[in-house]
Structures are given as structure tokens and as C-alpha cells.
Protein chains: 2
Amino acid sequence: MQQDKIILAIVDDHPMVIEGLKSLLKSETAIYTSVSFTKGREFISFLSQNEVNLVFLDISLPDANGIELCKEIKKISPKTIVLGLSNQTERSMMLQMLQSGASGYLLKNVSPDELLTCIQEALHGLITFSREAKEIMGRPSKAGLNEVASVTKREKQILQLLAQGKTTAAIATELFLSPLTVDTHRKNLLQKFEVKNTAELLMAAVHQKLL
Amino acid sequence: MQQDKIILAIVDDHPMVIEGLKSLLKSETAIYTSVSFTKGREFISFLSQNEVNLVFLDISLPDANGIELCKEIKKISPKTIVLGLSNQTERSMMLQMLQSGASGYLLKNVSPDELLTCIQEALHGLITFSREAKEIMGRPSKAGLNEVASVTKREKQILQLLAQGKTTAAIATELFLSPLTVDTHRKNLLQKFEVKNTAELLMAAVHQKLL
DNA sequence: TTAAAAATACCTAACTATAGGTATAAAAAA
DNA sequence: TTTTTTATACCTATAGTTAGGTATTTTTAA
């Protein structure tokens, strides 16, 4: 193995992705040399006996959890730079990767230029993201930050009954309440979620995983 | 262009996937020649002026709906064989593709061998799937069986606007329709889903992954 | 090229929800 | 123990939805 070259590893269960990455790296073959793995475990055992400068880690492997794998990699070889690689556009997933020691995150729609830039940045000790990942990280995400409208026990109950298509009157009967009270709760829910009607309210509740 | 070669097109917004596929096809470069597109529209305009034997179509493109694109392709050039290509493991999605004229479906974790086999099968007029896609198609799936209320294009559109809390009047304005027409669509939706009101309707739609 | 499905539009009347309030008792927190 | 939040209940109007229909045109599929 040529000691002067930078060693990149690719861990992904999709041969197509592996080939794609390698192909995108072909122009820089003088600088980088690459190895690839379709199983997390295979990479781990390779890593314990070989040096790897940077690894592209697919976070959704069939045989292992990306987050755990990332932690393991950093434990075995803290010098190895990990870049998350996935189609998952969930901000929370990206954050979890970073928390587990990753130096960046690439979405699989990364362009060839971006890819090379990201590798450079990462190797220089910088945090790096592909364009779209940057955008996602940029928005603090309504679901994540802005404090899930806190719903009281009663309100949650009413939400559930609304989701079953029940009317104010039906809900009142079911909960032994005055219809007027149910109405008040509904009004409060609409205000809390800043929505105009029940339809929008339920969708908001779904997005906040309350239903 | 060499008339004797089989022309394969790749439509995918991920350059990495395009490169990966091309790379996997490299061994058969004597038989196949390939062109690639990152936008659905680009491929459509190419197709209207060139012959294409087979196209790998990513069903989740940012600029177009895979199902619609597939239909359009078969309309312009019925001889062109369409193979769905995606990470989506939803049986219903695969069925929709087949219904729209596709001859098969490959998941992106397809192995090099499978890929070549699938291309051969497809070119010989057979329906074909990658290994995992086959497995998914094999299980009739609980969600799939219990009759997913088939929703028309217009109805889906209206569902989406309802989910945004829009009223009949607002929807009518937005879609340049009579409010009475929107009302009819809403009534049909309520019937199809066998629900009492919009709240229940939206929840049903969510559970069927229409929203 | 038919037949079926989808999209369009209309009517009436009853029902339900929403917007604007106010107010008080009971739990929970501070 | 006081303050805040939650849960309860009410009033007046207006806005919007739903239940019963019928019917024509335009697309799509057989």
C-alpha cells in the first residue's frame, strides 16, 4: 500500500453507491486510494489492522446501526474522519451522527464538485456538509426546536377523539362534559397550534407525533 | 451513435447513483451504451428525439413524480422499457409503477450480477425485479390488502389543501374551480374512505400514506 | 370505438365548527 | 401559601361543512 496516498473507505450496502463514489473519485486517483465494504463488521475488523484516513459511512446499513458504528469507529481509531452518507434527510439523524463523532454529513445527491470539496474540508479538520444537508441543518426545524406546543392531558384526549371523526357533542357525551367545555378545549388547541381549523390541527398533531 | 448497441438511459437526481450504475455496466460496454439525466424533463425531451431501449427511472425525483413520468415515457415511446429504480421499499409504490407501464423494479441495493440479469430479462420482454424487490412483492402486506381507497389526481390535490386547513372556497379559488365542484370532490372522498368528516378523512389519508 | 371513470357543476336544508368574548373551581407549581 | 395552569362552563353570531340528491362533459381504459 502506498503510504503517501490518502486512504478513503466506503461503507455502504449498495454496490451501486460504492461504484458511484469510486467513480467520482477517479479524477483524483493520484491523491486518494479507496477500499470499500458492504458490511459494518467487515470495516471494523479492517480498521483494527489498517490505517484509514477518512470513511464514508452509510447510516442505514442492514447489519448495523449507523450511530453505534460511528462511535465504534471513533473508539478504535479516533484519527479516522467519519462522514455520514445517506439519503435520510432528517435533521435529528444528522445531529446524532455529529454527536457520535462524525465530522460531517453528505446526502447521496452530492455533486462531484461538492464531494471533493467536502473531502478536502474534512481532511483539514473542518466540519462539512453537502449542499442540501447544509440547508437542512440551517433550518432549526419546526418539529425539533419550536417547543412542541405543550398539550394538556385533556387536550390530547380530545385530539384523539377528533381524529376519530367525532363531533363536539359526541366527545362531550363520551367524556361526560358539557359540549361547551369541549368547545373551549378545541378553541384552545386551535390557538396553541396556530391553525385555522380541525383539519390543520390534526395534521400539525400528526407532524408532532402526537397522533 | 452506434445503431447496433442497446441504448440505456438513467434518470436519477443523484450523480452518485448514475456513476454507480454506469460503473456496474462498464463490463458490458460492448453491448450497452448509456446516457444519463438528473432531471425528468431533460429525459423527456431527449426521448422525443432519440431512441432509447431501456430506462432506469428513479421514482423519487425532485422535479417530477415518478408515476407520472413513467406514464409520459410510455406515451411518447411505448417501445422503451422502463425499470423503476429507488430506495423506496413500499409495495404500493412498486405496484403503481407497474400499473403505469413499468416492466420491473430495482432497489438501489441491487448487486452487479442481478443488475445485468434484470436488464437481460427486461429486454426480452419479461417482468423483472431485484432480489429484495421480489421479496417485498412476494408478501401481500397487511396495509396493501385492506383495499387502499384509490384516490384520483384531483382528489389527492384537494386532500393536500384540506390538510393545510383551507376551506372549500379557498380551494376553489386556488384550483380555479367552482366551490360546488370542490364540495363534490370532498363528498366523494368522504364516501370513498367511509368517514364522517374531514378530520377523520385526513387521518385515514395519513395512515394510507397519502399525506 | 365504446364503456367506464373522473372531473365538472348545481340545488336545498340541516348540522357543525369557529371567532369573539367572559368567568370560576380545581390542580399543580413556585 | 400564593400564583399559575388546567379544566370547567357559558353567550352570540357567522362561517363552513355535510347529507340528500342530479347531471353534463372530458379523460382514460377496455
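- In terms of modelled atom types and a separation under 3.5 Å, the side chain of E114(A) and the main chain of V110(A) share no donor-acceptor contact.
- The phosphate of dT8(D) has neither OP1 nor OP2 within less than 4.0 Å of any side-chain N or O from S178(A).
- For the pair E155(B) and L180(B), both in contact range of DNA chain C, the more 5′-proximal nearest nucleotide belongs to E155(B).
- A straight line from CG of D183(B) to P of dA9(C) spans 12 Å, rounded to a whole angstrom.
- Distance, L162(A) CG to dT16(C) P: 14 Å, rounded to whole Å.
- Rounded to an integer number of Å, the gap from CG of N197(B) to C1' of dC15(C) is 12 Å.
- In this model, the phosphate group of dT8(C) is approached by a side-chain N or O of H185(B) to a distance below 4.0 Å at OP1 or OP2.
- Base contact: T181(B) has a heavy atom under 4.0 Å from a base atom.
- Straight-line distance from the CZ atom of R186(B) to the P atom of dT16(C): 15 Å, rounded to whole Å.
- Side-chain N/O atoms of T152(A) include none lying less than 4.0 angstrom from OP1 or OP2 on dT5(D).
- L107(B) has its side chain within reach of Y105(B): a pair of non-hydrogen atoms, C-beta onward, lies under 4.5 Å apart.
- The one candidate from K22(A), E19(A), K26(A) that meets the side chain to side chain donor-acceptor pair (under 3.5 Å) condition with S23(B) is E19(A).
- Residue contacts for N188(B): at a heavy-atom cut-off of 4.0 Å it reaches no nucleic acid atom on any strand shown.
- The distance between atom NZ of K196(A) and atom C1' of dG16(D), rounded to the nearest whole Å, is 14 Å.
- T198(B) has no side-chain polar atom (N or O) that falls below the 4.0 Å cut-off from OP1 or OP2 of dT17(D).
- One interatomic measurement links the two molecules: CG of L190(B) to P of dC15(C), which rounds to 18 Å at whole-angstrom precision.
- The distance between atom CD of E200(B) and atom P of dA19(D), rounded to the nearest whole Å, is 11 Å.
- Distance CD1 (I171(B)) to P (dA7(C)): 15 Å, rounded to an integer number of Å.
- By the 4.0 Å N-to-carboxylate-O rule, R186(A) lies too far from E155(A) to be salt-bridged with it.
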Between L57(A) and L69(A), is a side-chain contact (heavy atoms from CB on, under 4.5 Å) present by the stated rule, with each step listed? CA-CA 9 Å; L57(A) 180 62; L69(A) 204 54; 3.5 Å; yes
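- For dC10(D), its base sits under 3.5 Å from the side chain of T184(A) at one donor and acceptor pair at least.
- At the heavy-atom level, T167(A) lies under 4.0 Å from the strands shown only through sugar-phosphate atoms.
- For K187(B), counting side-chain heavy atoms from C-beta on, the closest listed nucleotide (dG20(D), dA7(D), dT8(C)) is dG20(D).
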